[in-house]
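Position 1 is the first residue of the sequence, and the numbers go up from there. Numbering of ligands and ligand atoms starts at 1, following listing order. Worth saying up front: this structure is predicted, and the values here are computed from it rather than measured.
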Amino acid sequence: MLSPLEKAGILTEALPYIQSFYGKIVVVKYGGNAMIDPELEESVLKDVILMKLIGMKLVLVHGGGPMIDSWLGRLDIKADFVNGLRVTGPEAMEVVEMVLAGKVNKGIVSRMQNLGGKAVGLCGKDGGMIKGRRITQPQDLGLVGEITVIDPSLILTLIDQDFIPVVSSVGMGEKGESLNINADTVASALGGALKAHKLVLLTDVEGIFLGEGQERKLASQLAAKEIPGLIEKGVLTGGMIPKAQGCLEAVEKGVENVHIIDGRKPHALLLEVFTNEGIGTWVK
Ligand SMILES: Nc1ncnc2c1ncn2[C@@H]1O[C@H](COP(=O)(O)OP(=O)(O)O)[C@@H](O)[C@H]1O
Ligand SMILES: [Mg+2]
């Protein structure tokens, strides 16, 4: 146990970090493991609430792949992945929306409320936040969408009123149809549209790995402009493709602090924000 004096010391050490983040918008995306492990999730939600209460404007975007898989399985609906995106037919889309915007989103909201946070759950349809169109090239992915319009005004209203928006990545097509948009894509686009100070993508690896075999190692920094080449060469695959593309877009929109970090580590967010250690990959 720490002595009261040691605790005071730690808090004072955090002061410069708190000052530099005060009033700034921070977009956090989490999914995968951090959502299945209740203890880990609690640590993410507590970090978010803490960061909010010391003056940052937090926006939380969530995924829900494992829960969608589980429900698609229970309902016996098949799911394929192409370049990290889940091919989504109309039936699967119904499940995606029910699970993501319903069960998962509202579950996070209630857990955050129970921990003392003021959370509001939204999907991309609310307030016309995310409009999109189906991705049909190079392959038709059904109701998987790409973003055409992003309107962050509802989010701005909420964060100005001290709420923590919790966003699920269901968007709306031109005819009002629901679109399944990758959650990293949504987090990055929101980060750009909100001119966020920082975008943190919590994932299930330490960050972006480059090189092959023995040479393969974590890139602590990565120039955003290298991303398209790395995708083409097959260095970035699966879910890392939309994640890295999102980072590139956020950087292009002027987000200066774009980080992919290991969400399997408890309090990874706090470590990222309150220390100089520089964990994970900083895309710039
Ligand atoms: N070069 C790479 N470096 C790190 N992870 C990579 C790389 N290429 C592909 N990946 C994969 O991307 C995954 C993360 O994306 P994803 O599975 O969509 O997780 P989430 O969106 O829940 O964070 C990693 O678990 C890893 O398997
Ligand atoms: Mg993913």
Inset, instruction - Name the closest protein heavy atom to atom 10 (N) of ligand 1, giving the residue it belongs to and the distance to 0.1 Å. - result: Met240 CB, 3.5 Å
Inset, instruction - Write out the residue and atom name of the closest protein heavy atom to atom 9 (C) of ligand 1, then the distance separating them to 0.1 Å. - result: Thr237 O, 3.0 Å
Legend entry - Check ion pair Asp69-Arg86 (N to O, under 4.0 angstrom): yes
Legend entry - Nearest non-hydrogen protein atom, atom 20 (P) of ligand 1: Lys243 NZ, 3.3 Å
Legend entry - Cationic N near anionic O, under 4.0 Å, Lys198 to Glu272: yes
Legend entry - Closest approach of any protein heavy atom to atom 4 (C) of ligand 1, naming residue and atom: Gly207 O, 3.3 Å
Legend entry - Note, Glu206 side chain near Arg264 side chain (heavy atom, < 4.5 Å): yes
Inset, instruction - Measure from atom 25 (O) of ligand 1 to every heavy atom in Val205, Asp204, Thr281 and give the option owning the shortest one. - result: Asp204
Legend entry - Contact partition for Lys29 relative to ligand 1, non-hydrogen atoms under 4.0 Å: side chain
Legend entry - Residue among Leu40, Leu50, Asn114, Leu60 satisfying side chain to side chain contact (heavy atoms under 4.5 Å, CB included) with Leu45: Leu60
Legend entry - Parallel, tilted or perpendicular: ring planes of His259 versus Trp282, cut at 30 and 60 degrees: parallel
Legend entry - Val235 N/O to ligand 1 N/O under 3.5 Å: yes
Legend entry - Test salt bridge (Lys or Arg N to Asp or Glu O under 4.0 Å) applied to Lys125 and Glu97, step by step: CA-CA 11 Å; Lys125 291 180 172 182; Glu97 185 164 13; 2.9 Å; yes
Inset, instruction - Could you tell me whether Phe209 and ligand 1 have an N or O pair separated by under 3.5 Å? - result: yes
Inset, instruction - Look at atom 22 (O) of ligand 1 and say which protein heavy atom is nearest, naming residue and atom and giving the distance to 0.1 Å. - result: Gly32 N, 3.7 Å
Legend entry - Spatial distance of atom CD1 (Ile260) from atom CG (Asp184) [nearest 0.5 Å]: 7.5 Å
Legend entry - Side-chain heavy atoms of Ile155 within contact of Val167, under 4.5 Å: yes
Inset, instruction - May I ask which of Leu202, Thr203, Ile208, Asp262 has a heavy atom nearer to atom 19 (O) of ligand 1 than the others do? - result: Thr203
Inset, instruction - Under 4.0 Å, heavy atoms only, figure out whether ligand 1 is touched by the backbone of Asp184, its side chain, both or neither. - result: side chain
Inset, instruction - Check each atom of ligand 1 against the heavy atoms of Gly239 and keep those under 4.0 Å away; list them by number with element. - result: 15 (O), 16 (P), 18 (O)
